[in-house]
Amino acid sequence: MIKKEPEIEEFIDTLENSHIYKDIRSKYEEITDGGKNRKSEHDEIVIRYGCEKYNLTTEELDRIFIDTKLKISEFQLMRKNKVKE
């Protein structure tokens with residue numbers, strides 16, 4: 001299991017489609033044993049799972065995941081900059 005920071009998890013919860021992002025992330029962690037046994041076919045499995053479960057295209061699912069990761073990165077950068085002040 002990958003350690004998750006509570007503050008980041010709370011931030012994710014404020015984002016649109018957070019439930020999809022967290023579900024996809026959880027599915028990925030499940031099939032890769034927390035990222036330890038990652039194989040290229042796991043990406044396809046998770047994408048197919050998300051598209052079917054949420055009735056999304058691959059592009060829509062990618063956009064949700066990319067947008068969420070970008071917002072998380074911005075949030076982390078903001079936190080880091082606050083610590084420096």
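Considering only heavy atoms from C-beta on, T57 stays 4.5 Å or farther from C51 through its side chain. In this structure, L56 and I20 have side chains that are in contact, with non-hydrogen atoms separated by less than 4.5 Å. Side-chain contact between I45 and Y28 is absent, with no heavy-atom pair separated by less than 4.5 Å. Contact of the I8 side chain with the F75 side chain is registered, since non-hydrogen atoms from C-beta on lie closer than 4.5 Å.
Listed by chain and number, the residues in a ring pair (Phe, Tyr, Trp, His ring centres under 6.0 Å) with H42 amount to none (sequence neighbours excluded).
A salt bridge between K4 and E10 is absent, with no side-chain N of the basic residue lying under 4.0 Å from a carboxylate O of the acidic one. With respect to D43 and R38, a salt bridge is recorded, a charged nitrogen being found less than 4.0 Å from a carboxylate O.
The environment of CD in E16 is sparse: at most 12 heavy-atom neighbours from other residues, nucleotides or ligands sit within 6.0 Å. Heavy atoms from other residues, nucleotides or ligands lying under 6.0 Å from CG of N55 number 12 at most. Counting heavy-atom neighbours within 6.0 Å of Q76 CD, excluding the residue itself, gives a total above 12.
Atoms NZ and OG1, on K71 and T14 in that order, are 8.5 Å from each other to the nearest 0.5 Å. Put simply, CD on E7 and CD1 on I12 are 11.5 Å apart, with the number rounded to the nearest 0.5 Å. For the atom pair CG of D62 and CD1 of I47, the computed distance is 5.5 Å after rounding to the nearest 0.5 Å. Atom CG in L61 sits 12.5 Å away from atom CZ in R48 (nearest 0.5 Å).
Residue F65 comes nearest to R25 through the heavy atom pair CE1-N, 4.4 Å, listed as atom of the first residue, atom of the second, then distance. The minimum heavy-atom distance between D13 and S18, with the atom names listed, is O-OG, 3.7 Å. The minimum heavy-atom distance linking T68 with I64 is given by the pair OG1-O, 2.8 Å.
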Legend entry - Derivation and outcome, salt bridge (Lys or Arg N to Asp or Glu O under 4.0 Å), residues E60 and R63: CA-CA 5 Å; E60 290 169 325; R63 181 55 34 213; over 6 Å; no
Inset, instruction - Let me see the working for E29 and K22 under salt bridge (Lys or Arg N to Asp or Glu O under 4.0 Å), right down to the final yes or no. - result: CA-CA 10 Å; E29 290 174 359; K22 284 187 163 186; over 6 Å; no
Inset, instruction - Carefully, step by step, assess I31 and Y49 under the rule side-chain contact (heavy atoms from CB on, under 4.5 Å). - result: CA-CA 12 Å; I31 66 173; Y49 164 81; over 6 Å; no
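No side-chain donor from either of Y54 and N17 sits under 3.5 Å from a side-chain acceptor of the other.
With hydrophobic clusters built from ILVMFWY side chains whose heavy atoms lie under 4.5 angstrom apart, Y21 does not share a cluster with I66.
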